[in-house]
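Let me begin by presenting the structure, written as structure tokens, before commenting on it.
So that the names make sense, note that chain A is the first sequence line, chain B the second, and so on, each numbered from 1. Only heavy atoms go into these numbers, but all of them, side chains included; no hydrogens, no water, no symmetry mates.
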Amino acid sequence: MNRTKIVAAIRQIPRGMVSTYGAVACAAGLPRGARQAAAALRTAVGLPWHRVLGFGGAIKLRGNSAFEQRFRLEAEGVRFRGRRVDMSQHEYKFPRIAPARAKRIG
DNA sequence: CGGGTGACTTCCC
DNA sequence: GGGGAAGCCACCC
């Protein structure tokens, strides 16, 4: 199941690192599955959900959840630049799980 | 089958 | 940098 791959990918993000919806989906073999990655994060439990961000390291949650996500990341040593995570330092690059052809998303 | 929806992304103003 | 439009995709009526 694709959703399982997405969950597996998210679970691999180590502490102090982050990734993006698109990258996670890509690692799971779904080049256009950013939204599916988000859906998986919403439903699945026990994931490091706070380590998944929008493109460029932006928090896509709203309200209190956004605050909590930022708080948790900072607690792991992740640094922010403005409202975005400093991706040059903390972006986690997935090992290839499934062949992910690079294509534009969006 | 068709239409609405979203923790998405990219362009453009 | 903020806001809107358009494209994409799985899921759910």
Side-chain angles (χ1 to χ4, degrees):
Chain A
M1 194 114 175
N2 289 328
R3 212 188 83 122
T4 311
K5 289 189 200 158
I6 292 179
V7 169
I10 295 171
R11 220 171 254 151
Q12 291 175 20
I13 307 175
R15 200 172 183 277
M17 292 290 184
V18 299
S19 189
T20 67
Y21 302 99
V24 165
C26 231
L30 300 167
R32 309 214 177 27
R35 310 191 83 125
Q36 281 52 253
L41 279 168
R42 202 185 51 202
T43 60
V45 289
L47 298 179
W49 58 269
H50 54 285
R51 301 187 192 143
V52 184
L53 304 160
F55 190 88
I59 290 181
K60 301 307 260 183
L61 289 174
R62 280 177 281 182
N64 200 34
S65 305
F67 181 82
E68 183 181 348
Q69 181 170 27
R70 175 167 184 153
F71 186 80
R72 283 170 175 258
L73 287 175
E74 286 179 331
E76 292 188 351
V78 175
R79 278 216 233 140
F80 277 71
R81 217 172 356 168
R83 295 178 196 147
R84 302 180 173 196
V85 166
D86 190 339
M87 295 304 268
S88 62
Q89 267 189 3
H90 299 108
E91 181 171 21
Y92 174 70
K93 316 267 188 186
F94 285 98
R96 287 285 179 72
I97 297 179
R101 39 244 193 265
K103 255 186 186 175
R104 286 179 62 226
I105 305 177

Review point. In the single-linkage hydrophobic clustering (I, L, V, M, F, W, Y; side-chain heavy atoms under 4.5 Å), do A:F80 and A:L53 co-cluster?
Key: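 They do share one cluster, since a chain of ILVMFWY contacts under 4.5 Å joins A:F80 to A:L53.
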
Review point. Does any pair with a residue in residues 84-93 of chain A pass salt bridge (Lys or Arg N to Asp or Glu O under 4.0 Å), and if so which ones, sequence neighbours excluded?
Key: A:R81-A:D86, A:E91-A:K93

Point to revise | Distance (rounded to the nearest 0.5 Å) between A:I10 CD1 and A:L47 CG | key: 5.5 Å

Review point. So does A:R32 reach the base of C:dC8 with its side chain, donor to acceptor, closer than 3.5 Å?
Key: no

Nucleotides 10-12 of chain C: which of its N/O atoms have a protein N/O under 3.5 Å away?
from: C:dA10; atom 1: O4'; to: A:Q36; atom 2: OE1; distance (Å): 3.0

Review point. So which heavy atom on A:A37 is nearest to which on A:Y21, and how close?
Key: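 Here A:A37 and A:Y21 meet closest at CB-O, 3.6 Å.
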
Exercise for review: Please report the shortest heavy-atom distance between A:P31 and A:C26, naming the atom on each side.
Suggested key: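 For A:P31 versus A:C26, the nearest heavy atoms are CA-SG, 4.0 Å.
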
Review point. Which of residues 64-80 of chain A have a heavy atom under 4.0 Å from DNA chain B?
Key: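 Contacting residues: none.
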
Study note, to complete from the structure: Only residue of A:E74, A:Q69, A:E68 satisfying side-chain hydrogen bond (donor to acceptor under 3.5 Å, both in side chains) with A:R72 is A:E68

Point to revise | Residues forming a side chain to side chain contact (heavy atoms under 4.5 Å, CB included) with A:S19, sequence neighbours excluded | key: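 Applying side chain to side chain contact (heavy atoms under 4.5 Å, CB included) to A:S19 gives A:I13, A:A23, A:V24, A:F94.
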
Review point. For A:T20 and A:M87, what are the C-alpha separation, side-chain angles and deciding distance, and is it a side-chain contact (heavy atoms from CB on, under 4.5 Å)?
Key: CA-CA 10 Å; A:T20 67; A:M87 295 304 268; 3.6 Å; yes

Exercise for review: Strictly below 4.0 Å, heavy-atom distances to any atom of DNA chain C: list the hits from residues 44-62 of chain A, or just say none.
Suggested key: none

Review point. Does CZ in A:F55 sit with more than 12 non-hydrogen atoms of other residues, nucleotides or ligands closer than 6.0 Å?
Key: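 For A:F55, atom CZ is not crowded (no more than 12 foreign heavy atoms under 6.0 Å).
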
**Study point:** C1' gap between B:dA7 and C:dC13, integer Å
**Key:**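 To the nearest whole Å, 22 Å.
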
Check your understanding: According to the side chain to side chain donor-acceptor pair (under 3.5 Å) rule, which pairs have a member within residues 47-57 of chain A, sequence neighbours left out?
Key ->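 Checked against side chain to side chain donor-acceptor pair (under 3.5 Å) - neighbours excluded - the pairs reaching residues 47-57 of chain A are A:H50-A:E76, A:R51-A:E76.
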
Review point. Given B:dT9, C:dC9, B:dA7, which nucleotide is nearest the side-chain atoms of A:A34?
Key: B:dT9

